[in-house]
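A short worksheet on the structure shown next.
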Amino acid sequence: MSSDSRYTPSLIEHKWYSHWQHKDYFSSVPDDREAYAIVIPPPNVTGMLHMGHMLNNTIQDILIRKARMEGKNACWVPGTDHASIATEAKVVRWLREEKGLKKSDLTRPEFLEYAWQWKEKYGGIILEQLKKLGASCDWKRTAFTMDEVRSKAVIKVFVDLYKKDKLYRGLRMVNWDPSAKTVLSNEEVLFSDEQSNLYHVRYRIDGTEDEWITIATTRPETILADTAVAVHPDDERYAHLVGKMAIIPMVNRVVPIIFDTYVEKDFGTGALKVTPAHDVNDYELGLKHGLEVIDIFEEDGTLTPAAQFYVGLDRFEVRKRISKDLDKSGHLLKMEPYQNSVGRSERTNAVVEPRLSLQWYVRMQSLTEPALKAVIEDDIRFFPKQFKNTYRHWMENFRDWCISRQLWWGHQIPAWYLGEEVFVGETVEEALTEAIKSTGNTKLLISDLRQDEDVLDTWFSSWLWPISVFDGFESKEEIDYYYPTAVVVTGWDIIFLWIARMVMAGYEWRGDKPFRDVYFTGMVRDKLRRKMSKQLGNSPDPLKLIEDFGADGVRFGMLASSPAGGDLLFDDKLCEQGRNFCNKMWNALRLLKGLNIVDEEQSPKSALASAWLTQRMDKVLEASIGDFEQYRLSEVLMNFYKFVWDDFCSWYLEMIKPAFGEAIDRKSYEEAVGHFERICSMLHPFMPFITEELWHSMRDRAEGEDCMISIYPKAQSQASELLGPMEQITDIISKIRDARNKNGIGMKLDLELLLEESANTKVLLALDGASEMLVKLANLKQVVVVKEEPAIQYVSFVSGTDKIYLEMPVEIDKDSEEARLSKELEYANGFLKSIQQKLSNEKFVNSAPEAVVDAERRKMADGEARVRLIQESLNKLKA
RNA sequence: GGGUGCAUAGCUCAGCUGGUUCAGAGCAUCUGUUUUACACACAGAGGGUCCGCGGUUCGAAUCCGUGUGUGCCCACCA
């Protein structure tokens with residue numbers, strides 16, 4: 001404990017973190033113990049720690065620390081994801097800003113060299129941040145999706161899928177990111193409603209002077225690529241146009257007017273421009289009606305010569321210009337504000353362009369089947385389980401997965417071309433062998449083959465993570481031991497991108513699930529339920545939070561926010577509460593450490609308090625088992641919090657605390673430290689730093705005797721016969737405080753406690769014991785048993801079925817006493833009445849379970865006694 | 001349009017298999033306390049139509065139906 005005796009998180013955090021590291025407690029190798037593995041959802045190398053990471057890593061750390069303390073071989077593998085598109089974008093910017101280089105100036109190997117440099121420099125930041133949070137990962141195992149082992153796995157899997165005929169190249173409409181100049185999978189496109197305009201443009205009917213058809217579009221720039229106009233076949237307005245052609249403005253292309261039920265009559269003018277090259281639906285229409293496809297966009301979103309106008313300008317610039325030009329030429333009839341949903345690239349935020357291109361796809365059907373089954377049948381359990389439905393719905397409609405990306409940073413596709421023919425192999429030599437076999441040309445050289453320029457989607461490596469982190473495609477030793485892993489903790493936003501795919505990969509290559517449980521955290525939002533965003537500035541800096549409240553405080557705050565599933569409303573007030581909790585425990589230990597200890601026999605009062613605390617703790621621990629199993633960690637923590645603060649600090653410590661100037665007996669002291677020790681273990685997974693610090697401060701510890709590897713406490717006994725009496729004691733003490741307050745006794749005064757003869761002896765004893773606690777309230781003179789109502793100035797109350805007389809040194813306010821007693825009587829009567837009513841109901845007695853009826857009978861007996869006792873007091877007072 | 005949740009104190013949420021006078025917790029609010037571990041504290045208090053309606057049951061915050069409000073996911077969006 002530091003010398004200034006103030007709780008200062010920063011002082012202890014660094015100390016224990018390096019201590020644990022030094023002990024190598026985080027390392028794991030297969031052994032005889034039960035394996036409990038968690039693979040960290042690899043954060044992007046580009047990433048900084050954000051609140052979502054804080055949350056799910058706190059949760060994982062709790063789970064892994066608890067497993068470790070329960071004697072399992074706890075293995076938490078950290079790592080980072082190469083995040084091909086996001087990283088490449090970052091590297092491109094870095095090159096431009098720091099080195100004055102453009103990507104196009106560099107060769108692929110040059111670019112990759114810079115990218116690796118960047119990765120070495122910035123890629124580890126996020127892991128360092130996680131360490132500050134206290135994450136007890138096995139850092140020696142730190143993996144990277146592009147390191148040697150993981151890369152090998154990716155290549156192997158690609159080849160394997162190809163051989164199984166689960167891979168193909170296909171020409172399709174894809175989501176194109178013009179900023180990163182790559183294709184995106186559907187899951188990488190985020191749709192949101194944006195304000196735009198609906199342009200009404202008229203096309204002249206071919207062969208007429210002044211007959212027009214008006215279409216509505218949000219993308220006038222694509223008019224240059226139009227190859228038809230479509231209307232609904234039943235639309236009478238356009239029935240006369242059968243067989244007619246329309247003339248595209250500006251380019252003056254003559255295109256057919258087609259009739260298709262796809263068109264909605266009620267939307268806009270009921271006429272639709274068809275641009276097969278730049279719209280998914282139009283492409284389908286084009287195929288159906290045999291339309292020409294005119295592609296007017298370059299891969300960066302500027303216009304090609306095929307557009308004829310605005311060549312080289314960006315599509316949005318063109319939108320502005322063409323609307324003006326169309327207006328000038330009298331084609332633009334109307335421009336109205338319109339809200340539509342716009343898809344943007346998850347990584348670059350660029351508006352996604354539908355584009356026809358040739359890409360690699362994974363056939364999903366055979367992969368989704370076992371993956372769906374596993375979750376439906378609870379072989380993999382979802383928490384909360386509602387997500388099963390979402391998962392099923394999606395899995396049943398899984399489209400083939402586009403896995404090629406037009407980037408350099410990533411795993412280059414192991415496919416080689418000889419002319420139009422493709423050969424796949426783990427190495428170029430393998431591909432060459434295939435090529436020779438296929439062509440019969442034995443003179444072929446490696447240099448004749450041209451490797452596919454594209455890299456694989458990042459998720460194509462992430463989905464192998466639970467296997468590849470254990471080198472599971474190459475060696476058996478670790479994978480057989482650690483697989484399936486225990487649980488994966490993640491936000492639900494990547495359920496499809498990542499979770500579903502890991503499940504598929506697990507069954508495809510291991511024939512087994514990758515993890516037993518999936519715990520979905522909520523999305524972290526601010527207390528006003530807004531998303532955390534840079535623009536709003538409502539996203540706290542995690543490291544600043546740790547500085548302000550300590551890692552333990554922040555962990556507490558994250559967890560106390562809200563349970564799994566829904567949104568998690570973050571409020572740094574909760575971190576403050578967490579810090580205060582640490583401070584409370586810190587001071588509790590200061591109290592103990594400050595006591596004078598004497599070698600005397602244990603006082604009965606602390607023996608009782610100690611036994612009671614054991615039982616309270618048992619009860620809390622017992623309840624936590626189910627909560628832990630269901631991943632209700634907030635619940636567990638709050639219950640622990642209340643137990644430590646209320647039961648341990650407010651009641652137990654107050655009861656065993658000797659009066660001012662006096663000493664505590666050794667046994668009581670030892671027991672108190674023992675309780676505290678168990679509390680440290682119990683709370684350690686949640687708040688590792690403070691508990692480790694207190695653990696070492698409370699006793700001299702042997703080398704290696706750390707809280708982190710102490711045994712997780714279990715309930716010691718089932719019995720709870722002391723809980724009742726203690727409840728009564730706390731009740732009595734509360735009532736004494738109350739009487740003091742009500743009668744305006746602010747100062748310490750002599751009070752005499754008198755009990756009826758019938759009083760429960762255990763309570764009597766306990767009260768005597770608890771008397772030390774009353775020191776602050778009153779100097780308790782004595783506890784005596786009375787047979788009759790005493791002839792003194794007193795306040796009486798009923799606790800349980802005992803009546804207690806409290807001698808008061810001041811005149812009692814009879815009116816308020818009467819009011820108080822009347823109120824109590826009313827309550828007791830109401831209680832009794834409701835029970836009597838129940839018991840007089842034959843149907844209740846007959847149909848309710850025996851135990852319930854019995855309990856009611858007991859309650860009735862107690863209730864009757866209470867009513868009688870209160871009534872007596874009231875009568876006396878009135879007399 | 002398809003699916004799926006949610007509705008309980010000022011706020012955030014528990015309330016699990018229907019059964020304690022069951023209406024709770026934390027925070028916030030208010031009142032009191034310079035108390036000897038802790039003011040990052042202590043002792044108290046107030047605060048509710050458990051969304052409305054109907055049903056099942058001896059008994060409903062809990063189960064069923066229905067209405068309303070509200071969130072999310074998927075698809076579509078000229």
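Chain letters run A, B, ... following the sequence lines, proteins first and then strands; every chain starts at 1.
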Treating a pair as Watson-Crick (purine N1 to pyrimidine N3 plus N6-O4 or O6-N4) or G-U wobble (N1-O2 and O6-N3) with both distances under 3.5 Å, list the stems of 3 or more consecutive pairs that involve RNA chain B.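 The stems that RNA chain B takes part in, listed by first number, are B:1-7 with B:68-74, B:10-13 with B:24-27, B:29-33 with B:41-45, B:51-55 with B:63-67.
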Is the shortest distance from a Lys or Arg side-chain nitrogen in [X] or [Y] to a carboxylate oxygen in the other one below 4.0 Å?
X	Y	value
A:Glu654	A:Lys657	yes
A:Asp235	A:Lys265	no
A:Lys859	A:Glu856	yes

Starting at [atom1] of [X] and ending at [atom2] of [N], how long is that distance when rounded to a whole Å?
X	N	atom1	atom2	answer
A:Phe267	B:G1	CZ	P	16 Å
A:Met173	B:C76	CE	P	13 Å
A:Gln386	B:C72	CD	C1'	11 Å
A:Leu653	B:U36	CG	C1'	14 Å
A:Arg590	B:U36	CZ	P	12 Å
A:Trp492	B:C72	CH2	P	8 Å
A:Asn587	B:A39	CG	P	7 Å
A:Phe520	B:C73	CZ	C1'	13 Å

Run the side chain to side chain contact (heavy atoms under 4.5 Å, CB included) test against A:Pro9 and tell me which residues pass, sequence neighbours left out.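 For A:Pro9 the side chain to side chain contact (heavy atoms under 4.5 Å, CB included) partners, ignoring immediate neighbours, are A:Tyr7, A:Glu13.
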Please work out if [X] contacts a base, only the sugar-phosphate, or nothing of the nucleic acid, heavy-atom cut-off 4.0 Å.
X	answer
A:Glu576	nothing
A:Phe496	nothing
A:Leu272	base
A:Thr217	sugar-phosphate
A:Lys859	sugar-phosphate
A:Cys649	base

So which one's nearest nucleotide on RNA chain B is more toward 5', A:Asn340 or A:Asn186?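 The residue closer to the strand's 5' end, by nearest nucleotide, is A:Asn186.
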So, does [X] get its side chain near the phosphate of [N], meaning an N or O under 4.0 Å from OP1 or OP2?
X	N	result
A:Lys593	B:A37	no
A:Trp645	B:C42	yes
A:Arg632	B:G15	yes

Cationic tip of A:Arg6 within the cone over A:Trp586's six-membered ring, i.e. under 6.0 Å and within 45° of the normal?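 The answer is no, since A:Arg6 fails at least one limit relative to A:Trp586.
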Hey, is the main chain of A:Glu635 close enough, under 3.5 Å, to the side chain of A:Asn639 for a donor-acceptor pair?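 Answer holds: yes.
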Partners meeting salt bridge (charged side-chain N to carboxylate O under 4.0 Å, His left out) with [X] (sequence neighbours left out):
X	answer
A:Arg866	none
A:Glu677	A:Arg699, A:Arg701
A:Lys388	A:Asp378
A:Glu194	A:Arg344

In whole Å, measure the gap between the [atom1] atoms of [N] and [M] for me.
N	M	atom1	result
B:C16	B:C53	P	23 Å
B:G10	B:U17	P	28 Å
B:U49	B:A7	C1'	14 Å
B:A60	B:G55	P	12 Å
B:C50	B:U8	C1'	4 Å
B:A28	B:G2	C1'	42 Å
B:G48	B:A9	P	10 Å
B:A41	B:U35	P	16 Å

Over 60° means perpendicular and under 30° means parallel, so classify the ring planes of A:Phe496 and A:Trp394, tilted if in between.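 Parallel.
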Please verify the inter-ring angle class for A:Phe581 with A:Trp645; under 30° counts as parallel, over 60° as perpendicular, anything in between as tilted.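 It falls in the parallel class, under 30°.
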Pull out every protein N or O sitting under 3.5 Å from an N or O of nucleotides 23-30 of chain B, one pair per line with the distance.
residue: B:A25; atom: O2'; partner: A:Lys642; partner atom: NZ; Å: 2.9
residue: B:G26; atom: O3'; partner: A:Gln577; partner atom: NE2; Å: 3.4
residue: B:G26; atom: O2'; partner: A:Gln577; partner atom: NE2; Å: 3.3

Salt bridge (charged side-chain N to carboxylate O under 4.0 Å, His left out): which pairs involve residues 547-559 of chain A, sequence neighbours left out?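 For residues 547-559 of chain A, and leaving out neighbouring residues, the salt bridge (charged side-chain N to carboxylate O under 4.0 Å, His left out) pairs sorted by first residue read A:Asp61-A:Arg555, A:Lys544-A:Asp548.
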Quick test of your reading: applying salt bridge (charged side-chain N to carboxylate O under 4.0 Å, His left out), list the pairs with at least one residue in residues 275-284 of chain A, sequence neighbours left out, ordered by first then second residue.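 Found none.
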If you look only at distance, which donor and acceptor atoms sit under 3.5 Å apart when one is on a side chain in residues 224-232 of chain A and the other is two or more places apart or in another chain?
residue: A:Asp226; atom: OD1; partner: A:Lys273; partner atom: NZ; Å: 2.9
residue: A:Asp226; atom: OD1; partner: A:Thr275; partner atom: OG1; Å: 2.8
residue: A:Asp226; atom: OD2; partner: A:Tyr203; partner atom: OH; Å: 2.6
residue: A:Thr227; atom: OG1; partner: A:Glu292; partner atom: O; Å: 2.9
residue: A:His232; atom: ND1; partner: A:Asp234; partner atom: N; Å: 3.0

Contact list (N/O, under 3.5 angstrom) for nucleotides 56-65 of chain B vs protein:
residue: B:C58; atom: O2'; partner: A:Asn841; partner atom: ND2; Å: 2.7

Counting heavy atoms from C-beta on, name the nucleotide in B:U4, B:C38, B:U21 closest to the side chain of A:Asn389.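 Ranking B:U4, B:C38, B:U21 by closest atom to the A:Asn389 side chain puts B:U4 first.
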Nucleic acid contacts of residues 825-835 of chain A, taken as heavy-atom distances under 4.0 Å to RNA chain B: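 Listed by number, they are A:Tyr827, A:Gly830, A:Phe831, A:Ser834, A:Ile835.
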Should A:Glu221 and A:Tyr199 be marked as a side-chain contact (heavy atoms from CB on, under 4.5 Å) after you check the CA-CA gap, both sets of side-chain angles, and the distance that decides it? CA-CA 11 Å; A:Glu221 69 277 15; A:Tyr199 301 81; over 6 Å; no
